[in-house]
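Written below as structure tokens is the structure these notes are about.
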Amino acid sequence: MKQFIVLIAVLPIMMVFLLQFSVDQVNSEKIAYIQSVVYSAKEDAKQEGCFTEEITERIKSEISQGLDIPEEYVEVIADDEVKYRYSKGEGRLINYKVSVRLDGIMAGGALLGISEDENSTIYTIDSYTASERI
């Protein structure tokens, strides 16, 4: 009987560890999706010479719809001044930063006493690319 009581007490905690593998896989797929959207937008920005308003809005809407999150969770900060291919030094680099809030990064957060705010993270891609606009 003592072993049964211990099993009932320990089983929920053990299940959280098993569920975390699934949550990690889901989070990995979300990150891969964000990376693919940003990569595609970066390639378009290279051709345009900057991140246009259209490209920035497309990033927000694609990530929002693909991950089923509000657009407010997606923040895009990027150079909107046209840069040219033959500029010298860093004058041809297009800087961009895309931040996305991801919720539910831990399985069983409520069971472990983790609040919803603590059970979220901001995934950020902060990089640059060289302009190809002639």
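Since the structure is predicted, the reported quantities are computational estimates derived from the model, not experimental observations. Below, all heavy atoms of this structure are taken into account, side chains as well, without hydrogens, waters or symmetry copies. The first residue of the sequence shown is numbered 1, and numbering continues consecutively from there.
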Separation between OH of Y123 and CD1 of I31, rounded to the nearest 0.5 Å:
5.5 Å
Would you check if there is a donor-acceptor pair between the side chains of E132 and Y84 at a distance under 3.5 Å?
no
Measuring from N95:CG to Y128:OH, what's the distance to the nearest 0.5 Å?
9.0 Å
With a 4.5 Å cut-off on side-chain heavy atoms, are K60 and V76 touching?
yes
Counting only N and O atoms by type, is there a donor-acceptor contact under 3.5 Å from the side chain of S36 to the main-chain atoms of Y33?
yes
Gap between atom OG1 of T129 and atom NZ of K83 - 0.5 Å precision:
11.5 Å
Correct closest heavy-atom pair for S64 and P70 would be OG-C, 3.8 Å
Is the backbone N or O of R133 less than 3.5 Å from a side-chain atom of S131, with the two atoms forming a donor-acceptor pair by type?
yes
Side chains of T124 and K97, heavy atoms from C-beta outward: is any pair under 4.5 Å?
yes
Value for SG (C50) from CG (D79), rounded to nearest 0.5 Å, stands at 8.5 Å
Counting C-beta onward and ignoring hydrogens, is there a side-chain heavy-atom pair between V38 and Y96 closer than 4.5 Å?
yes
A side-chain contact here means heavy atoms from C-beta on lying under 4.5 Å apart; do N119 and I105 qualify?
yes
If you round to the nearest 0.5 Å, how far is CD1 of I125 from OG of S99?
9.0 Å
Can you see which heavy atom on V16 is nearest to which on G108, and at what distance?
CG2-CA, 4.4 Å
Decide if atom CD of Q3 counts as having more than 12 heavy atoms of other residues, nucleotides or ligands within a radius under 6.0 Å.
no
V100 vs I69 side-chain heavy atoms within contact, under 4.5 Å
yes
Can you tell me if CD on E54 sees more than 12 non-hydrogen neighbours from other groups inside 6.0 Å?
no
Applying the side-chain contact (heavy atoms from CB on, under 4.5 Å) test to F51, which of D80, I77, D44, I94 qualifies?
I94
Could you check whether any side-chain heavy atom of M14 comes within less than 4.5 Å of a side-chain heavy atom of L18, counting everything from C-beta outward?
no
Pairwise side-chain hydrogen bond (donor to acceptor under 3.5 Å, both in side chains) hits with a residue in residues 6-22, at least two apart:
Q20-D24
Distance to the ring centre below 6.0 angstrom and angle to the axis at most 45 degrees; does that hold for R101 and Y73?
yes
Which pair of heavy atoms, one from K30 and one from L67, lies closest together, and at what distance?
CG-CD2, 3.7 Å
